[in-house]
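Computed from a predicted model, the values in this text were never measured in an experiment.
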Amino acid sequence: MKKVLSMALSLILALSLAACGQTAENESSSAAPDASSENEPASSAVESLPPESSADGGRVLVAYFSWSGNTEEMASYIAEQTGGDLLEIQPETPYPTDYNECGDVALVERDNDERPAIANLPESISEYDTLLIGYPIWWHTAPMIIGTFLESYDLTGMQVYPFTQSASMDTEQFNNSVAFVRENAEGATVHDGLFVRPSNTEGIDAYLSDNGLVQ
């Protein structure tokens, strides 16, 4: 009896040791690191730098023709606000100082679509990116000398902003003048123009601000 009991205890002890050994092996296997994840290279994404941009918005030219001085007043104020260079367009043959006589000459020029010569025409304006072109309204449109100035240059890529005033402040005449500028400023982007009286500095300021032209 004792011999049987001893054999049974020996068998139980052997089975217990075998079970413990199997459990330890399983735990060791589950704790092993994942070789595939350990050997995976780390991400090395390179951020692309934004292209350099210039803070310089380009040079501004404020060119104008004025007979009575009203457009000159506007142009001078606009040049101050924009920091632009100021250029008075001077005809080679001065217009008569008499109002009626000047009107007669201007009418003939308009009817014949003439291009009066300019005495101080710059050789080039290519150093400018923006042109503000000013003039009075003559016979329902811009004076023909404005056509002379615009047609004298390659304005491709130029940003052009017409500005004008008149005694009647007739909107239709203003629109005619802007259409004339667009016809003669080939290659340029001609924006909607400014049509206010020279004394209306608030209107001028608003236009310049809306178009990003303030210095």
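Inter-residue side-chain proximity for D192 and V178 is flagged as unmet; no heavy-atom pair is nearer than 4.5 Å. For the pair S177/I137, a side-chain contact is recorded, criterion being any heavy-atom separation below 4.5 Å from C-beta on. In this structure, the side chains of S68 and Y99 stay at 4.5 Å or more apart for every pair of heavy atoms. Residues I133 and I89 are in side-chain contact: their nearest non-hydrogen atoms beyond the backbone lie under 4.5 Å apart. In this structure the side chain of I146 never reaches within 4.5 angstrom of the side chain of T148, judged on heavy atoms. When side chains are defined from C-beta on, I204 does not count as touching Q81, because their heavy atoms never get closer than 4.5 Å. Considering only heavy atoms from C-beta on, F65 comes within 4.5 Å of P91 through its side chain. Using a 4.5 Å heavy-atom cutoff, the side chains of R115 and N184 are in contact.
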Problem - Intermediate values then yes/no, side chain to side chain contact (heavy atoms under 4.5 Å, CB included), L208 and D210 - result: CA-CA 6 Å; L208 297 178; D210 290 346; over 6 Å; no
Exercise for the section: Walk me through it: do I78 and L194 pass the test side chain to side chain contact (heavy atoms under 4.5 Å, CB included)? Expected result: CA-CA 11 Å; I78 289 172; L194 169 65; 4.2 Å; yes
Exercise for the section: Step by step, work out the side chain to side chain contact (heavy atoms under 4.5 Å, CB included) result for N200 and Q165. Expected result: CA-CA 11 Å; N200 186 0; Q165 47 75 41; over 6 Å; no
Exercise for the section: Please step through side chain to side chain contact (heavy atoms under 4.5 Å, CB included) for the pair V196 and M74, ending with a clear verdict. Expected result: CA-CA 9 Å; V196 297; M74 288 183 70; 4.1 Å; yes
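Separating the CH2 atom in W138 from the SG atom in C102 is a distance of 3.5 Å, to the nearest 0.5 Å. Residue S166 holds its OG atom at 6.0 Å from CD of Q173, rounded to the nearest 0.5 Å. In this structure, the separation between CG on D154 and CD on E186 is 8.5 Å, given to the nearest 0.5 Å. Note that CE of M144 is 9.5 Å distant from CG of D111, once rounded to the nearest 0.5 Å. In this structure, the separation between CG on N175 and OG1 on T141 is 10.5 Å, given to the nearest 0.5 Å. Remark: R197 CZ to E73 CD distance equals 12.0 Å, nearest 0.5 Å.
Cluster membership for L155 and F163, using ILVMFWY side-chain heavy atoms within less than 4.5 angstrom, is not shared. Linking ILVMFWY side-chain heavy atoms closer than 4.5 Å, directly or via other members, places Y64 and Y207 in a single hydrophobic cluster. In this structure, Y153 is not a member of the same hydrophobic cluster as L132, with clusters built from ILVMFWY side-chain heavy atoms closer than 4.5 Å. Taking hydrophobic clusters as Ile, Leu, Val, Met, Phe, Trp and Tyr residues chained together by side-chain heavy-atom distances below 4.5 Å, I145 shares a cluster with L131. Under a hydrophobic clustering in which Ile, Leu, Val, Met, Phe, Trp and Tyr are joined whenever their side-chain heavy atoms come within less than 4.5 Å, directly or via other members, L61 and V181 fall into the same cluster.
Minimum heavy-atom separation, S66 to E88: O-OE2, 4.4 Å. When all heavy atoms of R110 and W139 are compared, the pair lying nearest together is NH1-O, 3.2 Å. A79 approaches V62 most closely through the heavy-atom pair CA-CG2, 4.0 Å. For the pair M158 and T130, the tightest heavy-atom approach, listed with the atom from each and the gap, is SD-N, 3.7 Å. The two atoms that bring E80 and Q215 nearest to each other are O-OE1, 4.0 Å, heavy atoms only. Across every non-hydrogen atom of V160 and A188, the tightest pair is CG2-CB, 3.7 Å.
Not one N or O on the side chain of R59 forms a donor-acceptor pair closer than 3.5 Å with the backbone of E127. For N112 (side chain) and E114 (main-chain N/O), no donor-acceptor pair under 3.5 Å exists by modelled atom type.
Within a 6.0 Å radius of CD in Q90, more than 12 heavy atoms belonging to other residues, nucleotides or ligands are found. The neighbour count for E123 CD, taken as heavy atoms of other residues, nucleotides or ligands under 6.0 Å away, does not exceed 12.
Two rings, from F180 and Y135, have their centers 6.0 Å or more apart.
There is no side-chain donor-acceptor pair under 3.5 Å between T201 and Y77.
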